[in-house]
Asker: 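First the structure, which I've put down as structure tokens, then a few questions once you've had a look.
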Amino acid sequence: EKENEELSLDASDVIAALQYRQYKSINHNSNWDGSGMATVYDILKNIFKDLGIAKIYWAQDKRDADGNFLYPTDIVISEKNFFSSDNNEPWKCDEVLDEICKYIGVTAMQDEDAIYLIDFSEYKTHSMISFLIYDLSDDSTTSLIQGIEAYADTPEAYMLNGADISFSPA
């Protein structure tokens, strides 16, 4: 009688690893009382520091009510949002990233040592993306215009955080 063999493969990247890190506020405090107001950029930099992420690519398509472009250095939120109101427990960093992405309407995607924050719904009819690239080592910025085809129909475009791939022979 032939035994079934099962092969399992867990895919991991920096975004998936965030589920194992507790959020600490910008001033390195791990409780609600020590947290304050911070820009989205500072929070993202805080989350990704020490994890090998060198750059954050911000797709330049978000605008305020007056039509001016919004940048992660312009959007300020309270870090108190990332601590449980019941027991002062900090959230996991993946929950913080997810909440920020929902708030600003983007999807976070990793490619090598970079995190891309993209609103894919904006590019259904566009062929180019204009990025502002933040270098986390020195907080400098550069601009880049790139074709959207670089993100379509690739295996990376369909990956989910913490994805499991299993193979079971018939």
Side-chain angles (χ1 to χ4, degrees), residues 12-123 126 128-146 148 151 156-157 159-162:
S12 184
D13 60 9
V14 169
I15 293 176
L18 293 176
Q19 67 185 310
Y20 303 109
R21 291 183 73 152
Q22 295 279 6
Y23 182 75
K24 289 188 178 181
S25 65
I26 303 294
N27 65 4
H28 305 291
N29 204 322
S30 60
N31 64 44
W32 186 85
D33 294 332
S35 59
M37 301 298 286
T39 67
V40 166
Y41 171 74
D42 288 332
I43 292 170
L44 292 172
K45 183 177 177 180
N46 186 36
I47 289 172
F48 290 116
K49 69 180 176 191
D50 306 325
L51 291 176
I53 296 299
K55 296 181 180 179
I56 295 176
Y57 285 65
W58 174 263
Q60 299 183 83
D61 59 359
K62 299 293 178 192
R63 296 178 185 262
D64 64 16
D66 297 326
N68 300 314
F69 284 110
L70 282 174
Y71 302 101
T73 52
D74 298 331
I75 304 168
V76 178
I77 57 178
S78 173
E79 290 182 287
K80 292 183 188 308
N81 292 322
F82 310 130
F83 291 86
S84 171
S85 60
D86 296 337
N87 58 7
N88 199 22
E89 186 74 23
W91 289 11
K92 299 285 187 185
C93 287
D94 67 323
E95 297 169 316
V96 174
L97 177 63
D98 186 52
E99 201 62 30
I100 287 174
C101 287
K102 285 180 194 175
Y103 181 70
I104 58 179
V106 297
T107 299
M109 190 173 84
Q110 180 183 349
D111 185 26
E112 297 182 12
D113 67 347
I115 296 293
Y116 289 77
L117 299 172
I118 302 173
D119 181 353
F120 282 105
S121 66
E122 289 288 322
Y123 299 100
H126 298 81
M128 303 300 279
I129 300 176
S130 177
F131 286 106
L132 186 61
I133 305 165
Y134 291 87
D135 187 321
L136 299 182
S137 66
D138 61 8
D139 295 326
S140 65
T141 59
T142 55
S143 293
L144 168 73
I145 296 176
Q146 189 165 355
I148 188 68
Y151 304 100
E156 293 81 13
M159 286 184 179
L160 298 174
N161 294 338

Asker: Are the side chains of I115 and I15 in contact, using a 4.5 Å heavy-atom criterion?
Answerer: yes
Asker: Going by side chain to side chain donor-acceptor pair (under 3.5 Å), name the residues that satisfy it together with T39, two or more places apart in sequence or in a different chain.
Answerer: D42
Asker: Are side-chain heavy atoms of Y134 and Y71 found at a separation under 4.5 Å?
Answerer: yes
Asker: Indicate whether the side chain of S25 and that of E79 have a donor and an acceptor atom separated by less than 3.5 Å.
Answerer: no
Asker: With S143, which residues qualify under side chain to side chain donor-acceptor pair (under 3.5 Å), at least two apart?
Answerer: none
Asker: Taking all atoms of both residues into account, what is the closest heavy-atom pair of Q110 and E112, and its distance?
Answerer: NE2-O, 2.8 Å
Asker: If the condition is side-chain contact (heavy atoms from CB on, under 4.5 Å), which residues does T142 pass it with, not counting sequence neighbours?
Answerer: I133
Asker: Just wondering, do L117 and C101 contact through their side chains at under 4.5 Å, heavy atoms?
Answerer: yes
Asker: What's the verdict on side-chain contact (heavy atoms from CB on, under 4.5 Å) for T107 and D119, showing C-alpha distance, side-chain angles and the deciding distance?
Answerer: CA-CA 6 Å; T107 299; D119 181 353; over 6 Å; no
Asker: Take I43 and V96 through the test side-chain contact (heavy atoms from CB on, under 4.5 Å) and record every step on the way to the result.
Answerer: CA-CA 9 Å; I43 292 170; V96 174; 4.0 Å; yes
Asker: Could you measure the distance from the CD1 atom of I47 to the NZ atom of K92? Nearest 0.5 Å is fine.
Answerer: 13.5 Å
Asker: Please confirm whether the ring centroid of W91 lies under 6.0 Å from the ring centroid of F82.
Answerer: yes
Asker: Atom OH of Y57 and atom OG of S130: how far apart are they, to the nearest 0.5 Å?
Answerer: 12.5 Å
Asker: Classify the ring geometry of F131 against Y116: parallel below 30°, tilted from 30° to 60°, perpendicular beyond 60°.
Answerer: perpendicular
Asker: Which heavy atom of L18 sits nearest to which heavy atom of F48, and what is that distance?
Answerer: CD1-CE2, 3.7 Å
Asker: Just verifying a value: how many Å separate Q60 CD and L132 CG, rounded to the nearest 0.5 Å?
Answerer: 5.0 Å
Asker: For N68, enumerate each residue passing the side-chain contact (heavy atoms from CB on, under 4.5 Å) test, keeping only those at least two apart in sequence or located in another chain.
Answerer: D64, D66
Asker: How many angstroms lie between atom SG of C93 and atom CG of L51, to the nearest 0.5 angstrom?
Answerer: 8.0 Å
Asker: Within the 4.5 Å heavy-atom criterion, are Q22 and E89 side-chain neighbours or not?
Answerer: yes
Asker: Where do I53 and A114 come nearest, in terms of heavy atoms and distance?
Answerer: CD1-N, 4.2 Å
Asker: Among pairs that include at least one residue of residues 93-113, which meet ring pair (Phe, Tyr, Trp, His ring centres under 6.0 Å), considering only residues two or more places apart or in two chains?
Answerer: none
Asker: Please list, chain by chain and in numerical order, all residues satisfying side-chain contact (heavy atoms from CB on, under 4.5 Å) with I104, sequence neighbours excluded.
Answerer: V40, W58, I75, I100, V106
Asker: D139: which residues meet the side chain to side chain donor-acceptor pair (under 3.5 Å) condition with it, sequence neighbours left out?
Answerer: Y41, K45
Asker: Roughly how far, to the nearest 0.5 Å, is the NZ atom of K80 from the OG atom of S85?
Answerer: 12.5 Å
Asker: Would you confirm whether N46, through its side chain, and K24, through its main-chain N or O, come within 3.5 Å as a donor-acceptor pair?
Answerer: yes
Asker: Decide yes or no for L44 and L97: does some side-chain heavy atom of the first lie under 4.5 Å from some side-chain heavy atom of the second?
Answerer: yes
Asker: For D50, check side chain to side chain donor-acceptor pair (under 3.5 Å) against everything at least two apart and list the hits.
Answerer: none
Asker: Which atom names give the shortest non-hydrogen contact between R21 and K49, and what distance separates them?
Answerer: NH1-O, 3.3 Å
